[in-house]
Engineer: 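First the structure, which I've put down as structure tokens, then a few questions once you've had a look.
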Amino acid sequence: MTSVLFGLRLGRWGVLGFSIAAIASVFIQTVGYYQIAGHSPAEHAAFGAAITTLAAQLVALFPAPVRPDTVGGYVEFRGFHPLAILFAVWALVSSTGFARGDEERGIVEASLATGTTRVGLVASRAVAFAVGLIMAALAAGAGYVLGVSADRESVAIGRVLEESALLVAIGLACYGIGLLVAQLSPARSATAAAGGVLLALFLVNSLSRVLDWLTAWRWLSPFRYYDLSQPLPPGGGFDIRGFAALLAIAVAMTGAAALAFAYRDLGSALIAVPAKPRPQSHAPSANPLWRIAVVRGVYEGRFGLLAWSVGTAAVAAAFALLTRTVVNVMLQLPTLLPYLSIFVHQRLYPAVLGYTYFNVAQLLFAALAIAHVARWSAEDVSGRLEIALSQPYSRAAVVVERVAVLTAVGLVVTAASGVTLGLMSHYEGIDLDTGRLAAASLMLVPFALVFATAGALLAGWNPRAAVGLLGAFAFASYLDTELATVFKLPAWVQDLSAFKLFGTPLLDGIDGRNLALTIALAVLGLASSILLMQRRDVGA
Amino acid sequence: MLPEMPAPAIRTSGLSKDYGARRGVFDLELQVQGPEIFGFLGPNGSGKTTTIRLLMGMIRPTSGQAFVFGLDCVRDSVAVKRKVGYLPGDVPQFGSLTGEEVVAYLGGMRGGVDRRRVQSLCERFELDLSRRSREYSNGNKQKLAIVLAFMHSPELLILDEPTSGLDPLNRQDFYKLLREANDAGATVFLSSHVLSEIEQICDRVGIIREGRLVRVAELDELRKSGNKSLEEVFLGYFIEEPPKLLGS
């Protein structure tokens with residue numbers, strides 16, 4: 001019991017953050033439905049058709065909605081499906097954080113020294129995570145109940161509980177998988193390995209909706225069993241076998257992870273490859289790159305840079321490959337033609353590709369910026385900033401070098417994804433305007449810098465809270481953009497979103513005012529973070 | 001005309017850092033006239049690390065000033081660090097960087113590194129730089145921090161509990177290294193609560209208690225005061241009736 005409470009104590013901010021995100025996002029989507037779906041059956045049907053269109057674009061991410069003309073179908077699609085992905089990410093971070101992060105910090109060793117068995121420790125942390133998940137999933141359900149009640153519609157509480165149970169089950173299954181992979185891989189690559197496995201399992205299931213040959217493999221994916229249930233809409237249902245499969249995966253994977261943990265050495269993977277004998281060295285690296293400001297930062301993060309470049313290029317390629325298929329499906333549905341007419345004045349395929357890809361690219365670049373801010377915060381906590389500042393190097397130079405490194409990394413990543421998008425779309429017979437593609441790709445860099453400099457400011461104020469606060473800002477910004485039209489928010493509220501700054505450069509070209517504002521915000525953030533860095537205490 | 005006196009290696013004037021609840025450092029008046037080895041003694045939480053961080057410009061004083069070779073530790077922070085080698089109390093973590101890369105990285109920030117000096121330090125402490133920082137034991141992490149502090153042969157060494165984690169043999173090597181640096185003209189300011197090492201290597205000591213400097217004296221002067229050992233003198237400042245020491 002003490003171990004469970006300790007696990008909950010360690011993860012309390014995650015539980016709180018995800019609970020707030022869950023209740024807020026589901027509540028907003030539910031209330032949003034009543035704002036935009038209209039009141040008559042005909043309006044509901046038209047709205048349902050529009051959502052089906054949207055779903056067709058996102059078929060590689062989310063399952064097709066059931067009865068999106070109803071509040072249950074709509075919120076299932078817009079609220080709960082994205083939340084399932086969010087919970088999977090939470091499970092990934094929590095499982096690898098426990099399995100290897102806590103181990104590196106000595107928390108696992110201290111816990112085992114109290115007489116707790118290894119299996120007992122894994123079980124208690126899994127239970128603690130389950131308790132947190134249940135709280136967040138119930139918060140999501142509460143968001144739905146509150147939203148529906150606000151419109152005085154009745155709610156089938158049983159269905160809401162089924163929906164919450166599904167979220168818990170997918171979260172636990174992902175937690176078990178993450179935990180097992182973390183036992184098998186070296187500590188430094190545990191999160192990447194577990195993330196890679198979960199992403200692969202997600203893609204096997206989601207891409208099987210458009211690539212027939214993958215359907216034979218989707219039984220491997222826990223997301224497949226999640227997809228089998230859609231309890232909220234009329235005509236949907238709760239697949240008890242799918243739910244049981246998720247719980248079975250969770251139990252089997254967590255059990256296997258506990259067994260692997262029992263047989264491995266702390267600090268090592270279950271199957272540790274013996275280190276190759278290396279000649280001893282007593283001299284510093286002769287690599288000249290370490291001597292060049294900015295270049296050394298880029299070089300240090302070269303593997304991450306490679307992963308980001310390949311990852312964003314793969315996303316760009318996937319969008320280019322899927323656009324024609326998705327649009328062709330949409331064109332065959334007469335009810336969707338009114339929706340597509342908004343693109344008629346553009347060339348249809350480039351317009352849809354530009355709109356959908358750059359929406360996702362903005363999120364990716366915000367994540368890239370947040371990843372850098374996480375590194376800056378870690379440097380503060382690990383004492384690396386203190387030792388860097390003990391060199392004859394000004395605090396301003398440290399901040400400027402960090403931002404310059406991110407700029408260089410952003411340029412490489414956007415070049416990789418932009419070139420891939422251009423080549424793949426050309427291969428697919430979708431010809432993008434090269435100038436606009438280059439401009440839109442380059443615009444992602446100052447966009448990321450807005451997040452990064454805001455993050456630098458937060459990291460200077462409170463390094464431990466910086467990533468969480470910046471993530472919350474990104475989430476709120478994205479919600480603002482997504483919901484502004486739904487709730488007919490005033491222009492000044494819409495302008496608060498960082499995503500609003502990006503605009504639609506591939507469709508309409510760069511908006512000079514937005515670009516100037518983006519650069520001004522980045523410069524302002526940089527200047528403020530330099531000032532804060534110069535005035536703050538380091539290492540205190 | 002009298003020749004101009006060189007600026008002291010360290011001088012503080014009314015230096016305070018107030019964290020509230022009587023935590024911090026208060027009205028510190030201290031002068032370390034190099035070259036000497038100055039030991040800064042005090043129990044945990046007495047303000048040793050806070051003083052060192054003030055000298056390094058890592059934290060800003062609530063009031064007062066600190067100078068290194070006449071340079072203001074806040075205003076002239078970059079110039080101060082050209083002259084200083086620093087070993088922090090909490091050994092920094094460099095994750096997956098190898099020792100070679102850490103030295104090259106920080107040497108690069110310093111504008112270059114004397115490879116022969118690094119090599120001689122690493123050979124002396126048998127520190128293998130080819131290994132990743134995260135793979136180092138605590139002792140090896142401390143050795144790496146020592147190499148980083150000494151690699152540019154600084155005029156002033158500011159060392160926060162430098163021997164923590166070192167085995168007895170390496171401690172003796174470290175004391176020899178300090179003596180050599182001092183003989184070559186460097187000033188050393190080191191904090192410790194290991195009284196035996198202070199007795200072995202320091203010329204002068206300062207004792208800090210609850211953020212206030214309570215005594216600065218030559219080691220010989222302390223020893224002469226009532227034939228007490230340094231340990232008895234030290235305990236005298238913190239315990240009203242010092243316990244009988246073993247063997248005394």
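Letters A, B, ... are given to chains in the order of the sequence lines, protein chains preceding strands, and every chain is numbered from 1.
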Engineer: Sub-4.5 Å heavy-atom contacts with chain B: which residues of residues 523-536 of chain A show up?
Structural biologist: Gln534(A), Arg535(A), Arg536(A)
Engineer: Can you tell me which portion of Ala293(A) sits under 4.5 Å from chain B's heavy atoms? Options are side chain, backbone, both or neither.
Structural biologist: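 For Ala293(A), no heavy atom lies under 4.5 Å from chain B.
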Engineer: Can you tell me which portion of Met56(B) sits under 4.5 Å from chain A's heavy atoms? Options are side chain, backbone, both or neither.
Structural biologist: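 Side chain of Met56(B) only, per the 4.5 Å heavy-atom cut-off to chain A.
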Engineer: Any carboxylate oxygen within less than 4.0 angstrom of a Lys/Arg side-chain nitrogen, looking at Arg53(B) and Asp537(A)?
Structural biologist: no
Engineer: If you look at every heavy atom in Gly57(B) and Arg395(A), which pair is closest and at what distance?
Structural biologist: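 Heavy atoms of Gly57(B) and Arg395(A) come nearest at O-NH2, 2.8 Å.
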Engineer: Between Pro279(A) and chain B, with a heavy-atom cut-off of 4.5 Å, which part of the residue counts as in contact: side chain, backbone, both or neither?
Structural biologist: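 The answer is the backbone of Pro279(A).
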Engineer: Heavy-atom pairs under 4.5 Å with chain A are the metric here; pick the option from Tyr105(B), Phe125(B), Tyr86(B) that has the most.
Structural biologist: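 Between Tyr105(B), Phe125(B), Tyr86(B), the count favours Tyr105(B).
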Engineer: I'd like to verify something: which residue of Leu97(B), Leu121(B), Val113(B) has the highest number of heavy-atom pairs under 4.5 Å with chain A?
Structural biologist: Leu97(B)
Engineer: Could you look at Leu127(B) and say if it's the side chain, the backbone, both or neither that has a heavy atom under 4.5 Å from chain A?
Structural biologist: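 The backbone, not the side chain.
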Engineer: At a 4.5 Å cut-off on heavy atoms, which part of Lys17(B) comes close to chain A: side chain, backbone, both, or neither?
Structural biologist: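 Answer is side chain: those atoms of Lys17(B) sit under 4.5 Å from chain A.
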Engineer: Just wondering, are more than 12 heavy atoms of other shown residues or ligands nearer than 6.0 Å to CD in Glu123(B)?
Structural biologist: yes
Engineer: Only pairs of heavy atoms separated by less than 4.5 Å count here; which of Gly107(B), Pro92(B), Ala79(B) has the most with chain A?
Structural biologist: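 Option with the greatest count: Pro92(B).
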Engineer: Does a donor on one side chain sit under 3.5 Å from an acceptor on the other, for Glu101(B) and Ser285(A)?
Structural biologist: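 Their side chains do not contain a donor-acceptor pair, so the 3.5 Å distance test is not met.
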Engineer: Side chain, backbone, both or neither: which part of Val80(B) has a non-hydrogen atom closer than 4.5 Å to chain A?
Structural biologist: neither
Engineer: Does a sphere of radius 6.0 Å around CG in Asp72(B) hold more than 12 heavy atoms from other residues, nucleotides or ligands, not counting ones at 6.0 Å or beyond?
Structural biologist: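 Yes, because the 6.0 Å sphere around CG of Asp72(B) holds more than 12 heavy atoms from other groups.
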Engineer: Any idea which of Val84(B), Val78(B), Leu148(B) has the most non-hydrogen atom pairs under 4.5 angstrom with chain A?
Structural biologist: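 Looking at each of Val84(B), Val78(B), Leu148(B) in turn, Val78(B) comes out on top.
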Engineer: Ala283(A) and Arg115(B): which non-hydrogen atoms are nearest, and at how many Å?
Structural biologist: CB-NH2, 3.7 Å
Engineer: Compare every heavy atom of Asp128(B) with every heavy atom of Gln280(A), then report the nearest pair and how far apart it is.
Structural biologist: CA-OD1, 3.5 Å
Engineer: Enumerate by number any residue of residues 383-393 of chain A whose heavy atoms lie under 4.5 Å from heavy atoms of chain B; in the absence of such residues, state 'none'.
Structural biologist: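 Only Gly383(A), Arg384(A), Glu386(A), Ile387(A), Ala388(A), Leu389(A), Ser390(A), Gln391(A), Pro392(A), Tyr393(A) of residues 383-393 of chain A have a heavy atom under 4.5 Å from chain B.
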Engineer: Below 4.5 Å, heavy-atom pairs only: which of Ala149(B), Pro88(B), Ser130(B) has the largest tally toward chain A?
Structural biologist: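 Sorted descending by pairs with chain A, the first entry is Ser130(B).
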Engineer: Out of Arg60(B), Arg132(B), Glu126(B), His152(B), return the one with the most heavy atom pairs under 4.5 angstrom to chain A.
Structural biologist: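 Most pairs with chain A among the choices: Arg60(B).
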Engineer: Tell me whether Asp18(B) at atom CG has more than 12 heavy atoms from other residues, nucleotides or ligands lying less than 6.0 Å away.
Structural biologist: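 Buried by this count: over 12 neighbours within 6.0 Å.
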Engineer: Please identify, among Glu401(A), Glu379(A), Arg291(A), Glu300(A), the residue contributing the most non-hydrogen atom pairs under 4.5 Å to chain B.
Structural biologist: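 Going by pairs under 4.5 Å, I would pick Glu300(A).
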Engineer: Could you check whether any side-chain heavy atom of Arg131(B) comes within less than 4.5 Å of a side-chain heavy atom of Arg278(A), counting everything from C-beta outward?
Structural biologist: yes
Engineer: So Val118(B) and His282(A), do their side chains get closer than 4.5 Å, heavy atoms only?
Structural biologist: no
